[in-house]
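Convention: sequence-line order gives letters A, B, ...; per-chain numbering from 1. This one's a predicted model, so the numbers in the text were calculated from it and none came from an experiment. Computed from heavy atoms alone, side chains included, the values below leave out hydrogens, waters and symmetry copies.
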Amino acid sequence: MENEKAFFDKLEQKGVSRRDFMKYCTFLTATMGLSSSFVPKVAEVFAAPKQRPPVIWMHFGECTGCSEAFLRSQYPYVDDLVLELLSVEYHETIMAAAGEQAEEQLHEAIKKHEGKFICVVEGAVATKFDGAYGKVGGKTFLQLAKEVCPKAAAVIAIGACANFGGIQAAAPNPGGYVGVGEAIGIKTVNIAGCPPNPINFVGTVVNYLLLGKLPALDSLGRPLFAYGKTIHDQCQRRSHFENNEFVLEFGSKEAEMGYCLYKMGCKGPDTYNNCPTAKFNDGTSWPVQAGHPCLGCSEPAFWDKMTPFYEPT
Amino acid sequence: MGNKIMIDPITRIEGHLRIEVEVEGGKVKDAWSSGQMFRGIELILQGRDPRDAHHFVQRSCGVCTYTHALSSVRAVEDAVKVTIPKNARIIRNLLHGAQFQHDHLVHFYHLHALDWVDIVSALKADPAKTAALSDNLSNASVGGAVYFKGVQQRLQTFVDSGQLGPFANAYWGHPEYKLPPEANLMAAAHYIEALKLQARTARLHAIFGGKNPHPQSLVVGGVTCVKDLSPDRIAEFLYLWKESQDFINNVYIPDLLAVASFYKDWGAIGGTTNFLAWGDFPTTEKEPDSLFMPRGVILKRDLAGVAMSQQEKVTEHVKHAWYEDGKAKHPFEGETKPKHGDYLTGGKYSWFKAPRYDGASCEVGPLARVLVAYAKGHAGVKALVDGTLKKLDIPVTALFSTLGRTAARGLETVAIGNAMEGWIGELIENVKNGDTKTYQSWTMPDKGMGYGLNDVPRGALGHWIQIENKKIQNYQYVVPSTWNFGPKCEKGIRGPVEEALIGTPIADPKRPIEVLRTVHSFDPCIACGVHIIDPDSNQVYKIRVT
């Protein structure tokens with residue numbers, strides 16, 4: 001395929017060998033829970049998108065940590081995602097346009113791609129006082145969510161805030177924040193975590209491009225390929241749990257030996273996520289590997305249900 | 001004391017800030033900065049376990065990730081009276097240094113550069129001439145006509161696709177863009193290089209923090225990553241640190257100087273008057289004496305009069321903020337009752353309170369830190385500043401400006417990044433000598449009060465905590481963007497950004513790129529609503545800063 005050759009030439013120019021790329025696709029395919037026969041198809045998605053699918057990315061009540069996580073994507077790096085794979089029509093953190101021109105861009109994109117764009121929502125929606133606690137350009141988050149989300153082909157809620165309300169929804173939830181699905185009564189794909197691993201977001205998007213549909217979800221809207229098993233069941237320290245070998249104080253001999261963090265408050269047994277296998281930042285590490293208990297950040301209301309963090313449940 | 005609710009300023013700014021300026025005779029005559037979001041994390045913290053606080057406050061901002069967690073554990077450690085071990089101090093400094101490398105690089109290329117660099121003009125550049133320009137200016141490891149042609153081709157393909165994505169509908173072609181096409185192409189190429197590099201720089205956090213954003217290895221009493229004090233992990237850190245610092249020295253700084261040389265007039269626009277730094281990077285247990293970036297305050301631009309800054313002198317004013325009126329108070333005593341109302345520039349117009357230092361409105365951030373270090377004779381910083389002024393052939397007074405602020409950000413990245421090498425060496429020595437202590441045990445008192453002061457990429461950050469019955473009784477933080485973007489105080493004195501915008505020339509009120517330059521130079525990294533009122537036509541133009 002001519003496109004494919006051009007694609008690999010370009011990768012080589014960037015110092016990424018065909019082998020590295022295929023290795024990444026294999027990893028991504030495995031993360032997505034697809035059989036290895038899908039590997040070439042995954043590669044094809046990256047090699048030759050016919051028309052880059054339009055993405056509109058909305059920011060509500062959040063910290064932009066999920067956008068930052070997206071920027072940390074490696075293989076494909078974010079410049080490939082933005083320049084070659086997706087067409088990011090609106091994203092306040094990275095877009096060059098400002099003000100009137102930015103608003104115009106949003107409206108044009110919605111009009112042009114109605115029913116076809118992927119809407120990514122980052123952040124929770126304030127519902128108290130008619131949503132007065134959060135506004136963009138004079139419109140409340142609630143108004144904006146109602147205006148944009150129903151016109152999308154699919155709504156991907158990225159991160160704890162957009163999924164389930166997140167930190168600002170923790171008791172006593174002063175602004176009346178809720179997840180976007182609850183705020184406007186729609187079903188969303190929930191890429192859970194605070195922030196989520198970007199590979200779970202990319203995996204979901206690739207699934208959509210590859211199969212023309214969203215991946216299978218659990219009852220909380222989370223893709224099963226990433227959120228189908230507990231942290232505890234995949235943890236490298238699991239054998240220490242079985243052997244009753246626990247850390248009882250940070251910095252102790254037991255901590256140095258990498259014993260189980262359950263008694264330090266680890267929420268791994270109650271948390272569904274693929275952190276131990278996917279790891280973060282190009283597989284560099286994950287919290288338990290760095291000696292810290294899991295906070296349970298991919299579960300609803302974890303700021304209330306999983307705290308105090310340093311006490312076992 | 002009543003319940004204290006404070007807006008979550010960084011996140012609110014991060015999300016949504018409104019700036020309004022009034023233009024007369026082609027210049028800004030008055031300005032209002034308004035925070036547009038309320039999350040209420042301080043209220044959420046009340047009654048919780050003080051050990052958990054740092055996880056909550058870290059979610060104030062994902063761009064300034066790590067920084068709030070650091071300030072929070074310091075505040076709790078102050079309240080429970082525990083001193084962390086040497087290795088914990090070094091690892092915290094290394095994580096913080098990595099945050100500077102990452103954050104300032106991303107700010108320059110991805111949040112600020114497009115105010116100065118016209119991407120569309122890059123399509124007209126001659127790749128061979130661009131290569132020559134690049135060779136002449138920098139030691140970038142990538143370059144050459146073939147490379148720049150490739151970048152240009154990539155941009156051209158992107159433009160030809162008709163799907164302009166994040167580059168659509170910007171101010172391209174605005175007459176205020178001064179760079180020749182070749183410089184624009186060079187900067188565009190480095191924009192893409194930096195986009196890749198930052199993902200690698202962020203791995204520095206993952207090594208000792210488990211992940212980025214929102215690393216997870218700090219605890220009250222030290223750090224948890226004791227297993228990562230291994231030769232392979234430290235070597236991995238050293239390698240990635242070097243890759244990042246090489247880019248900073250060989251690409252970021254030369255690009256900064258190249259861009260600055262075309263915009264020297266911005267050395268007289270966008271300045272403020274007073275500068276506050278808490279300082280950071282303790283190199284021993286002694287604070288503030290051992291801080292690598294020193295603590296201090298400069299009033300009325302008087303560098304010779306630099307003095308030690310004291311947290312006791314901080315107060316917050318609410319006259320122009322959406323809270324019930326009350327006296328200006330210190331964070332330990334503050335009482336905050338939200339009262340959302342209409343946006344009235346003569347009255348209340350922001351979710352921000354207005355912090356003041358001894359009554360003065362102070363700029364915080366890279367420029368404040370660099371000025372304090374320079375005024376105190378910090379050898380590394382002084383050499384960098386003097387060298388840069390000489391290269392650009394501009395006077396010291398040009399530092400009090402938008403250009404000075406943007407330059408200071410780059411220069412401190414060099415200073416802090418270079419210092420990290422010594423800290424890595426110190427860590428290696430400790431481990432070599434068998435010292436792997438990363439945590440000091442402690443006991444939660446029934447009652448306690450404490451504060452943690454930092455200087456984080458965007459400026460002076462302070463967290464104040466009160467513990468009662470082993471729970472959080474009161475928690476408050478005064479963050480860089482509250483200092484910089486706060487409204488007027490009870491005396492009617494403008495906040496720093498409001499002050500900096502006065503006198504800014506506006507060539508075209510419909511495309512006020514000049515306002516964006518100064519607002520972005522403070523590194524708000526936010527989406528904000530900027531309103532410009534032109535009294536002649538009485539027309540309101542809505543500009544969202546992205």
* Is A:Val202 close to A:Leu85 at the side-chain level, that is, under 4.5 Å between some pair of heavy atoms? -> no
Ranking B:Arg48, B:His214, B:Arg200, B:Gln58 by heavy-atom pairs under 4.5 Å to chain A gives rank one to B:Arg48
Pair count under 4.5 Å, heavy atoms only, with chain A: among B:Leu155, B:Thr224, B:Val223, highest is B:Thr224
B:Lys437/B:Asp435 salt bridge by N-O under 4.0 Å criterion:
no
Turns out that what part of A:Gln74 lies under 4.5 Å from chain B's heavy atoms comes down to side chain
Are a donor atom and an acceptor atom from the side chains of A:His59 and A:Ser67 found within less than 3.5 Å of each other?
-> yes
Most heavy-atom pairs under 4.5 Å with chain A, out of B:Asp49, B:Leu114, B:Asp52, belong to B:Asp52
Heavy-atom side-chain contact between A:Phe302 and A:Lys267 under 4.5 Å
no
*For this output row, return yes or no: ring centroids of A:Trp57 and A:Phe201 closer than 6.0 angstrom.*
yes
Between A:Glu62 and B:Arg59, is the closest basic N to carboxylate O distance under 4.0 Å? no
If one checks every heavy atom of A:Leu295 against chain B at 4.5 Å, the contacting part turns out to be both
Turns out that what part of B:His55 lies under 4.5 Å from chain A's heavy atoms comes down to both
Ranked by heavy-atom pairs below 4.5 Å to chain A, first place among B:Glu236, B:Gln440, B:Arg233 goes to B:Arg233
Cut-off 4.5 Å, heavy atoms of chain A, and the answer for B:Tyr147 is neither
Check: Angle class for the A:Tyr259/A:His240 ring planes (parallel below 30°, perpendicular above 60°, tilted otherwise)?
Finding: tilted
The interface call for A:Cys194 against chain B, heavy-atom contacts under 4.5 Å, is both
Scored by heavy-atom pairs under 4.5 Å with chain A, the best of B:Ala206, B:Pro215, B:Pro213 is B:Pro213
Separation between CZ (A:Phe280) and CG (B:Asn212), nearest 0.5 Å, reads 10.5 Å
Comparing B:Thr438, B:Thr157, B:Val219, B:Thr65 against chain A, the one with the most heavy-atom pairs below 4.5 Å turns out to be B:Val219
Indicate whether any N or O donor in one side chain lies under 3.5 Å from an N or O acceptor in the other, for B:Thr67 and B:Gln99.
-> no
Turns out that what part of A:Gln289 lies under 4.5 Å from chain B's heavy atoms comes down to both
Among A:Ala109, A:Ser252, A:Gly251, A:Pro287, the residue with the most heavy-atom pairs under 4.5 Å to chain B is A:Pro287
